[in-house]
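Computed from a prediction, not measured in an experiment: that's the story for all the values here. Values reported hereafter were calculated over all heavy atoms of this structure, with side chains retained and with hydrogens, waters and symmetry mates removed. Throughout, a chain's letter reflects where its sequence line sits, starting with A, and its residues are numbered from 1.
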2 protein chains.
Amino acid sequence: MKQLKPTESELEILNILWQKGPSTVREVHEVLEKSKDAGYTTTLKLMQIMHEKGLLERNTDSKTHIYKASVSQKQTQGQILQRLIDTAFNGSASQLVMQALGNHKATKEELEQIKQYLEKMEGKKDQ
Amino acid sequence: MKQLKPTESELEILNILWQKGPSTVREVHEVLEKSKDAGYTTTLKLMQIMHEKGLLERNTDSKTHIYKASVSQKQTQGQILQRLIDTAFNGSASQLVMQALGNHKATKEELEQIKQYLEKMEGKKDQ
DNA sequence: AGTCTTGTACGAATTGTTTCGTAAACAAAC
DNA sequence: GTTTGTTTACGAAACAATTCGTACAAGACT
């Protein structure tokens with residue numbers, strides 16, 4: 001499998017497409033604008049490059065092209081985390097997890113959810 | 001406080017310095033070499049740039065300079081995670097946590113450690 | 001002193017990322 | 001059918017990150 005490495009800007013776009021599903025450049029751009037200051041053609045160009053790289057697929061049947069992510073959210077997130085764990089967390093996933101929890105004040109419900117998830121994992125390990 | 005944003009290569013170097021403490025360029029380079037293919041002067045240049053940016057301090061008393069990280073591990077990790085949560089995890093820290101746990105097959109001990117950490121946090125919340 | 005080794009400094013080439021101006025295609029509105 | 005608006009395409013500029021060649025300094029070793 002290819003090791004595609006989205007840049008920061010590309011990640012923002014991927015994240016939007018993962019949320020919204022297939023979208024036009026304008027739709028993506030309108031979301032992007034809220035958090036970022038860039039022109040329409042900049043977004044367009046980025047998405048064209050992402051298409052060349054294989055990060056996005058597009059349907060060009062109509063004049064207005066429809067783009068969608070061609071990499072899965074799970075897998076991409078996994079790759080990024082793996083790299084981050086290696087480069088900044090000295091290979092320790094649990095260090096990353098605790099740092100994320102500590103800084104971030106999750107709600108009680110979120111914490112509970114994570115705890116259940118942990119128990120499920122421990123259960124699997126014992127079999 | 002300034003928002004310093006180490007690049008990927010810079011993070012690798014920071015991570016080494018966080019582990020080893022103050023070190024010479026050669027010491028850092030020798031660790032770096034194991035995981036990466038780059039010449040000595042490349043590492044040197046990187047560390048000089050990091051010094052200019054304020055990411056590293058150095059002692060130039062002797063001919064061979066000694067560098068150390070001037071940003072804290074905790075805070076830097078926190079910033080990076082925050083950015084990552086925003087751009088790739090749609091603002092959800094718990095999504096990141098579960099993804100990290102799921103992909104990464106932590107040891108039983110690590111899982112236990114995280115669970116204890118969670119309980120401690122829940123305890124604090126109730127007060 | 002002369003050679004060797006190890007180090008820093010500097011500058012430049014290379015590569016990757018981001019940004020946007022401008023032009024051309026196309027359709028809808030007048 | 002000409003104007004107006006929306007879209008894609010292309011190219012180049014601006015910026016940032018990475019890499020390394022080369023020169024020079026300093027101490028260590030004959």
Hey, where on DNA chain C does chain A first and last touch, going 5' to 3'? Cut-off is any atom under 4.0 Å from a heavy atom.
C/dT17 to C/dC26
Mind listing the closest non-hydrogen atom pair of B/Lys20 and B/Ser23 along with its distance?
CE-OG, 3.5 Å
Are A/Gln48 and D/dA9 close enough that a side-chain N or O sits under 4.0 Å from OP1 or OP2?
yes
According to ring pair (Phe, Tyr, Trp, His ring centres under 6.0 Å), who are the partners of B/Tyr40, at least two apart in sequence or on a separate chain?
B/His29
Enumerate the residues from residues 5-21 of chain B whose closest heavy atom to DNA chain C is under 4.0 Å, giving them by residue number; use none for an empty result.
none
Can you tell me how far P of D/dT19 sits from CE of B/Met47, to the nearest Å?
15 Å
Listed in order of residue number, which residues of residues 60-72 of chain A have a non-hydrogen atom at under 4.0 Å from DNA chain D?
A/Lys63, A/Thr64, A/His65
Are a donor atom and an acceptor atom from the side chains of B/Asn90 and B/Gln95 found within less than 3.5 Å of each other?
no
Short side-chain to backbone donor-acceptor contact, A/Thr7 and A/Lys5, under 3.5 Å:
no
Which pair of non-hydrogen atoms, one from A/Ala69 and one from A/Leu17, has the smallest distance, and what is that distance?
N-CD1, 4.1 Å
DNA chain D-proximal residues of residues 34-45 of chain B, any heavy atom under 4.0 Å:
B/Lys36, B/Ala38, B/Gly39, B/Thr41, B/Thr42, B/Lys45
Are the side chain of A/Glu10 and the backbone N or O of A/Leu46 linked by a donor-acceptor pair below 3.5 Å?
no
In whole angstroms, the gap separating C1' of D/dT19 from CG of B/Leu46 amounts to 9 Å
Please give, in whole Å, the distance from D/dA9 C1' to A/Ile49 CD1?
12 Å
Which heavy atom of A/Ser9 sits nearest to which heavy atom of A/Lys36, and what is that distance?
OG-NZ, 3.3 Å
For residues A/Asn15 and B/Ala88, report the shortest heavy-atom separation together with the two atoms involved.
OD1-O, 3.6 Å
Expected output: side-chain A/Thr87 to main-chain A/Ile85 donor-acceptor under 3.5 Å
no
Nearest atoms (heavy-atom pairs only) where A/Val97 meets B/Ala100
CG2-CB, 4.1 Å
Do B/Pro6 and B/Thr76 have side-chain heavy atoms sitting under 4.5 Å apart?
yes
Could you state the atom-to-atom distance from NE2 of A/His29 to C1' of D/dT8 in whole Å?
15 Å
Pairs meeting criterion side chain to side chain donor-acceptor pair (under 3.5 Å) with involvement of residues 62-73 of chain A, two or more places apart
A/Arg58-A/Tyr67
Flag yes if more than 12 heavy atoms outside A/Lys74 fall under 6.0 Å of its NZ atom; otherwise flag no.
no
